[in-house]
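Structure record follows, encoded as structure tokens.
All values derive from a computational prediction rather than experimental measurement. In what follows, chains are A, B, ... by sequence order, proteins preceding strands, each numbered from 1.
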There are 2 protein chains.
Amino acid sequence: MSATSNRRMVILTDGHSNPLTAKTACSVLRYCQDEVVAVLDSQAAGQTAAQLLGTGGNIPVVAALDAAPEAKTLLIGIAPPGGKIPGHWRPVILQAISRGMTILSGLHEFLSEDQEFSAAAAAAGTELVDVRKNSETDVANRIGLRSDCLRILTVGQDCCVGKMVTSIELTRDLIAKQHQAEFVATGQTGILIAGNGCPVDCVVSDFISGAVEKQILAAQDHDILCIEGQGSLAHPRYSAVTLGLLHGSVPHGMVLCYEAGRKAIHGMPEIGLTDLATLKDAYESAARLMMPSQVIGIAMNSRLLSAEQAEEERKRIREQFQLPVCDVFRHGPSELTAAVLELKQQIQG
Amino acid sequence: MSATSNRRMVILTDGHSNPLTAKTACSVLRYCQDEVVAVLDSQAAGQTAAQLLGTGGNIPVVAALDAAPEAKTLLIGIAPPGGKIPGHWRPVILQAISRGMTILSGLHEFLSEDQEFSAAAAAAGTELVDVRKNSETDVANRIGLRSDCLRILTVGQDCCVGKMVTSIELTRDLIAKQHQAEFVATGQTGILIAGNGCPVDCVVSDFISGAVEKQILAAQDHDILCIEGQGSLAHPRYSAVTLGLLHGSVPHGMVLCYEAGRKAIHGMPEIGLTDLATLKDAYESAARLMMPSQVIGIAMNSRLLSAEQAEEERKRIREQFQLPVCDVFRHGPSELTAAVLELKQQIQG
């Protein structure tokens with residue numbers, strides 16, 4: 001699930017160090033802590049990553065690259081609205097390039113298409129890695145999928161509800177329980193964490209299912225694939241991405257993810273959410289057009305709730321759906337893991 | 001529905017003049033006959049377009065560009081598997097460029113990214129138009145859609161069943177009946193016919209619904225939009241395109257298109273078709289995630305059937321679905337037109 005060698009990263013969040021804007025930084029700190037040397041925020045130097053961003057333990061926050069001479073990678077740690085690099089970051093990025101550091105970015109605006117950065121990188125002989133950049137042009141063929149490699153896709157009520165985190169936590173728990181499981185990354189943060197993957201939202205529409213299928217074929221030497229979901233079938237902007245991923249990965253089972261307390265589509269406050277029961281049906285019907293598949297559990301993101309409220313919500317959803325329900329952080333993923341293993345037994349019969 | 005000025009086209013099909021490979025040529029001959037000066041096929045010079053391709057009336061087939069001095073556009077008339085230009089076409093295309101003709105192409109491989117063609121076009125000051133090329137980067141917003149502009153989307157059991165043709169025939173019939181209708185093109189051939197449109201299958205997945213919405217907003221000065229559908233919700237390769245188009249265009253009604261007698265997915269003979277009843281439910285459920293919408297009629301492509309078989313099939317499907325059913329060529333589209341106008345009355349109260 002992690003990159004093959006230690007990337008020794010400095011994560012750049014300078015001036016944008018809050019958990020929402022710096023979501024990428026937080027996820028990489030959470031899941032690749034051993035590979036992070038420092039967080040760069042000139043206004044917060046001296047703090048720890050945990051103090052600044054709520055995760056990352058004692059990793060130091062530094063004011064400048066010079067404070068991390070051992071670093072060999074600079075990671076752009078934010079996903080700003082509009083996808084543009086803040087102007088005052090340019091000198092830091094150029095300094096990293098001139099030091100020969102690899103630059104890692106998940107932005108929609110590609111560093112490698114920025115004239116100043118690409119000229120500097122060419123001169124320094126270093127690499128600008130835009131994880132969203134791709135040139136996928138293969139269609140899906142539905143040939144060669146291993147029937148006994150269990151594919152579990154996270155699906156959601158909306159964006160930003162915890163699909164990536166659920167897939168990763170499931171994978172880790174399965175591995176801890178001695179199963180050959182693999183996290184399959186499909187979005188920029190997942191790819192930064194896994195060290196590989198396919199940025200499906202940036203693939204040309206005709207080729208999204210093909211790009212996903214290629215990734216599944218490459219990963220199915222494992223027994224269980226936990227595939228990172230994207231968007232929602234009910235999202236007015238991104239439902240095409242969701243269906244391309246669903247039909248490209250033809251999952252045996254799905255985990256439905258939602259955030260308790262959310263009322264409207266993320267970023268579209270005037271558009272209400274589709275209820276979970278309707279969505280469960282929608283995912284199962286859409287999946288069935290390719291292969292029968294069921295929602296086997298529900299991942300509840302309860303960050304807006306107190307412990308007591310979370311218990312009530314969990315009980316309510318359990319009763320409504322008669323399925324395992326948990327917040328993978330609050331309760332751990334073991335109920336979902338058990339559902340995955342039960343399905344594995346069924347398909348391997 | 002047609003381009004604003006006469007493009008005076010020569011359609012290049014040289015050596016590939018059969019109705020399947022030259023699908024683009026045939027559709028343009030059918031719907032833009034007034035704009036076509038000649039078909040170029042050196043092996044068939046002297047015939048008429050109708051003799052060579054089954055449509056296009058007395059438009060001459062010529063052996064070389066010199067036989068059509070009045071032409072000002074060269075249209076690449078085929079969609080070859082793999083999307084590559086046949087090698088022996090290059091001299092003809094270069095000759096057209098040097099004559100100052102505009103080159104129109106719907107291929108996946110862009111002429112404007114071919115070094116030889118783009119250098120020649122720059123020297124001649126002429127234009128290479130790749131209708132599939134786009135740089136869409138806007139997401140859908142669901143703001144500003146006219147509630148009393150009726151949106152009708154064709155949806156299908158598969159690719160290549162007649163969705164574009166159904167949308168065009170409906171539009172023409174509505175216009176003939178004095179309605180303000182517009183064909184909204186979403187694929188390369190539709191765009192070549194309409195003179196504008198959005199090649200949705202070539203848009204990056206995150207932006208497909210946004211690109212469609214933009215097109216709808218631009219066209220809704222008309223009262224009825226007949227939107228060209230793409231692919232199928234049950235297509236293993238292209239379902240993402242279909243859903244992005246469905247959710248970007250939020251249709252009030254849909255016309256379900258199929259080819260009688262087809263058994264398997266076009267180009268994937270090992271994958272059987274999903275039955276029409278299941279698909280009707282799938283389209284209505286998927287549409288309902290954004291806005292209630294129903295299949296209001298069925299367009300049957302009966303080219304594989306005799307007249308008698310077609311009548312039997314029509315009767316059978318009518319009884320099964322209790323909906324208008326017709327082959328828009330064999331029976332004309334008037335039953336579907338009536339269903340559209342009935343829905344128009346409903347939404348406009």
Which portion of [X] sits near chain B, non-hydrogen atoms under 4.5 angstrom:
{"X": "A:Thr137", "value": "neither"}
{"X": "A:Gln230", "value": "neither"}
{"X": "A:Asn141", "value": "both"}

Hey, does [Y] have a side-chain heavy atom less than 4.5 Å from the side chain of [X]?
{"X": "B:Val295", "Y": "B:Phe321", "result": "no"}
{"X": "A:Lys23", "Y": "A:Met164", "result": "no"}
{"X": "A:Leu111", "Y": "A:Ile85", "result": "yes"}

Between [X] (side chain) and [Y] (backbone), is there a donor-acceptor pair under 3.5 Å?
{"X": "B:Gln215", "Y": "B:Ala185", "value": "yes"}
{"X": "A:Thr186", "Y": "A:Glu228", "value": "yes"}
{"X": "A:Asp114", "Y": "A:Glu116", "value": "yes"}
{"X": "B:Tyr283", "Y": "B:Leu233", "value": "yes"}

**Request:** Examine the side chains of B:Lys133 and B:Ser112 and answer whether a donor and an acceptor come within less than 3.5 Å of each other.
**Result:** yes

Around atom [atom1] of [X], are there more than 12 heavy atoms of other residues, nucleotides or ligands at under 6.0 Å?
{"X": "B:Lys214", "atom1": "NZ", "answer": "yes"}
{"X": "A:Gln115", "atom1": "CD", "answer": "no"}
{"X": "B:Glu284", "atom1": "CD", "answer": "yes"}
{"X": "B:Glu136", "atom1": "CD", "answer": "yes"}

Determine which residues belonging to [range] lie within contact range of chain B, meaning some heavy atom pair is under 4.5 Å apart, and list them by number or answer 'none'.
{"range": "residues 153-163 of chain A", "value": "none"}
{"range": "residues 198-209 of chain A", "value": "A:Val200, A:Asp201, A:Cys202, A:Val203, A:Val204, A:Ser205, A:Asp206, A:Phe207, A:Ile208, A:Ser209"}
{"range": "residues 234-241 of chain A", "value": "A:Ala234, A:His235, A:Pro236, A:Arg237, A:Tyr238, A:Ser239, A:Ala240, A:Val241"}
{"range": "residues 247-267 of chain A", "value": "A:His247"}

**Request:** Of all the heavy-atom pairs spanning A:Ser27 and A:Thr189, show the shortest one and how long it is.
**Result:** CB-CG2, 3.5 Å

Kindly compute the distance separating [atom1] ([X]) from [atom2] ([Y]), expressed to the nearest 0.5 Å.
{"X": "B:Thr24", "Y": "B:Ile78", "atom1": "OG1", "atom2": "CD1", "result": "8.5 Å"}
{"X": "B:Asp275", "Y": "B:Gln320", "atom1": "CG", "atom2": "CD", "result": "7.5 Å"}
{"X": "B:Leu128", "Y": "B:Ser118", "atom1": "CG", "atom2": "OG", "result": "7.0 Å"}
{"X": "A:Ile143", "Y": "A:Leu217", "atom1": "CD1", "atom2": "CG", "result": "10.0 Å"}
{"X": "B:Asp130", "Y": "B:Leu107", "atom1": "CG", "atom2": "CG", "result": "8.0 Å"}
{"X": "A:Ile227", "Y": "A:Ile152", "atom1": "CD1", "atom2": "CD1", "result": "8.0 Å"}

**Message:** Out of A:Met268, A:Glu270, A:Glu213, A:Arg288, return the one with the most heavy atom pairs under 4.5 angstrom to chain B.
**Reply:** A:Met268

**Item:** Atom group of B:Leu245 that falls short of 4.5 Å from chain A, counting heavy atoms
**Value:** neither

